Amino acid sequence: MEIDGKVALVTGAGSGIGRAAALALAGEGAAVVVGDIAEGPGRETVGLIEDAGGRAAFVPGDVSDPKQLAAMFDAAAKEFGGLDIVHNNAGIVCGAPLWPDTDPAALFRQVAVNLGAVVVGTRLAVDHLGPRGGGAVVNTASLAAVFPLEAEPAYSATKAGVVMFTRACAGLEQSHGIRVTAVLPALVDTPLLDKTGDGVTAADWVGMARGLLGLQSADDVAAVVVDLVRQGTAGEHRFVEELPTVLGDASPR
């Protein structure tokens, strides 16, 4: 679909992949609703978009709360007259103490944010995109969806759920004109990495993964998001780049 002149919502857009995707979509001519639980970083993203000549609005909210998530969608209609593109991106890691000593409450929240908000966000997209003739939904999954992350198994489980949910939503293109796809980044250079450990220092597994995979940039991921919006195939889940041969062919695209 053509992005110029459309309206996009990006969750978790205060930093990392979400910020990069919001900037990239705005750079293609979309007005962007920036959703994030952190007000300061969210408003900073809006400022970056506006400084570059784009249009954006910030809506604070916790995506694990259906009412707050719905408010982000409603803001698109209020601020820009509707909604055409949704990037369900917000996600969290549990961090230390790592599995199996992880706080049960942290695990429950991780499932709600990483998977629950994607499911509900796509459901809300049907109400907003459908009446406008359809649109595009891109969900942020992860390489951890196909390669188990033993230190954070719930993270792997939620991202695998995002992939299967995305594939199961392929029928929305025919029924509602909504094309649902997913991006599967590997290790991305974002502030989330430090949260894998004690909140200041990354967990040991990050160093090992970096040695094997290297680091992708948030801009690399955002470029794939833009391409999926523009020309992705319904139900497609796409890696950001070819995987190292040592990992083999993880799954069908």
Side-chain angles (χ1 to χ4, degrees), residues 10-21 35-42 60-69 72 87-122 138-166 182-218 221 237 239-240 247 250-251:
V10 181
T11 65
S15 65
I17 294 171
R19 172 175 286 180
D36 203 281
I37 196 169
E39 183 168 353
D62 181 344
V63 296
S64 69
D65 181 332
K67 291 183 178 179
Q68 293 186 48
L69 183 56
M72 296 181 187
H87 184 196
N88 289 312
N89 167 74
I92 58 173
V93 293
C94 288
L98 298 178
W99 181 265
D101 298 319
T102 315
D103 181 359
L107 291 167
F108 198 86
R109 175 164 176 75
Q110 186 177 56
V111 173
V113 172
N114 291 9
L115 180 57
V118 170
V119 173
V120 175
T122 305
V138 180
N139 300 322
T140 298
S142 168
L143 183 61
V146 291
F147 289 102
L149 186 57
E150 293 185 3
E152 287 244 12
Y155 184 85
S156 281
T158 59
K159 295 304 185 177
V162 169
V163 170
M164 186 54 70
F165 174 73
T166 297
V183 58
L184 283 69
L187 201 63
V188 184
D189 188 12
T190 73
L192 191 68
L193 290 185
D194 287 340
K195 295 179 182 179
T196 61
D198 59 9
V200 177
T201 304
D204 290 342
W205 67 261
V206 171
M208 293 184 287
R210 181 174 182 172
L212 180 62
L213 299 170
L215 277 182
Q216 296 173 343
S217 74
V221 184
H237 51 288
F239 298 109
V240 173
L247 297 180
S251 70

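Note that the structure is a prediction, hence the values are computed from the model and not measured.
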**Message:** One pair to check against side-chain contact (heavy atoms from CB on, under 4.5 Å): V118 and T166. What are the steps and the verdict?
**Reply:** CA-CA 9 Å; V118 170; T166 297; 5.6 Å; no
**Message:** Nearest 0.5 Å, please: how far is CD1 in I17 from CG in N89?
**Reply:** 6.0 Å
**Sidechain-backbone polar pair: T11 side chain, G35 backbone, donor-acceptor under 3.5 Å** = no
**Item:** V111: side chain to side chain contact (heavy atoms under 4.5 Å, CB included) partners, not counting sequence neighbours
**Value:** T158
**Item:** Heavy-atom closest pair, residues Y155 and S142
**Value:** CE2-OG, 3.7 Å
**Qualifying residues under side-chain hydrogen bond (donor to acceptor under 3.5 Å, both in side chains), relative to D65, sequence neighbours excluded** = Q68
**Prompt:** Which heavy atom of V240 sits nearest a heavy atom of P185, and at what distance?
**Reply:** CG2-CA, 3.5 Å
**Request:** Answer whether the closest heavy-atom distance between the side chains of T140 and V162 falls below 4.5 Å.
**Result:** no
**Complete:** Sequence neighbours excluded, the answer for side chain to side chain contact (heavy atoms under 4.5 Å, CB included) partners of I92 is R109, Q110, V113, N114
**Asked** Under 4.5 Å between any side-chain heavy atoms of C94 and D103, yes or no?
**Response** no
**Item:** Minimal non-hydrogen separation, A218 against G16, with atom names
**Value:** CB-O, 3.6 Å
**Item:** N88: partners by side-chain hydrogen bond (donor to acceptor under 3.5 Å, both in side chains), with sequence neighbours left out
**Value:** T122, N139
**Prompt:** Taking only residues two or more places apart in sequence, or in another chain, which ones meet V163 in a side chain to side chain contact (heavy atoms under 4.5 Å, CB included)?
**Reply:** A141, A145, R167, L184, H237
**Request:** Determine the minimum heavy-atom distance between V119 and F165, stating which atoms define it.
**Result:** CA-CZ, 3.7 Å
**Request:** For A38, check side chain to side chain contact (heavy atoms under 4.5 Å, CB included) against everything at least two apart and list the hits.
**Result:** D36, P41
**Request:** Of all the heavy-atom pairs spanning S64 and A112, show the shortest one and how long it is.
**Result:** CB-CB, 3.9 Å
**Prompt:** For G95, does its backbone N or O pair with a side-chain atom of E152 as donor and acceptor, under 3.5 Å?
**Reply:** yes
**Item:** Smallest separation among heavy atoms of A117 and L69, with atom names
**Value:** O-CD2, 3.7 Å
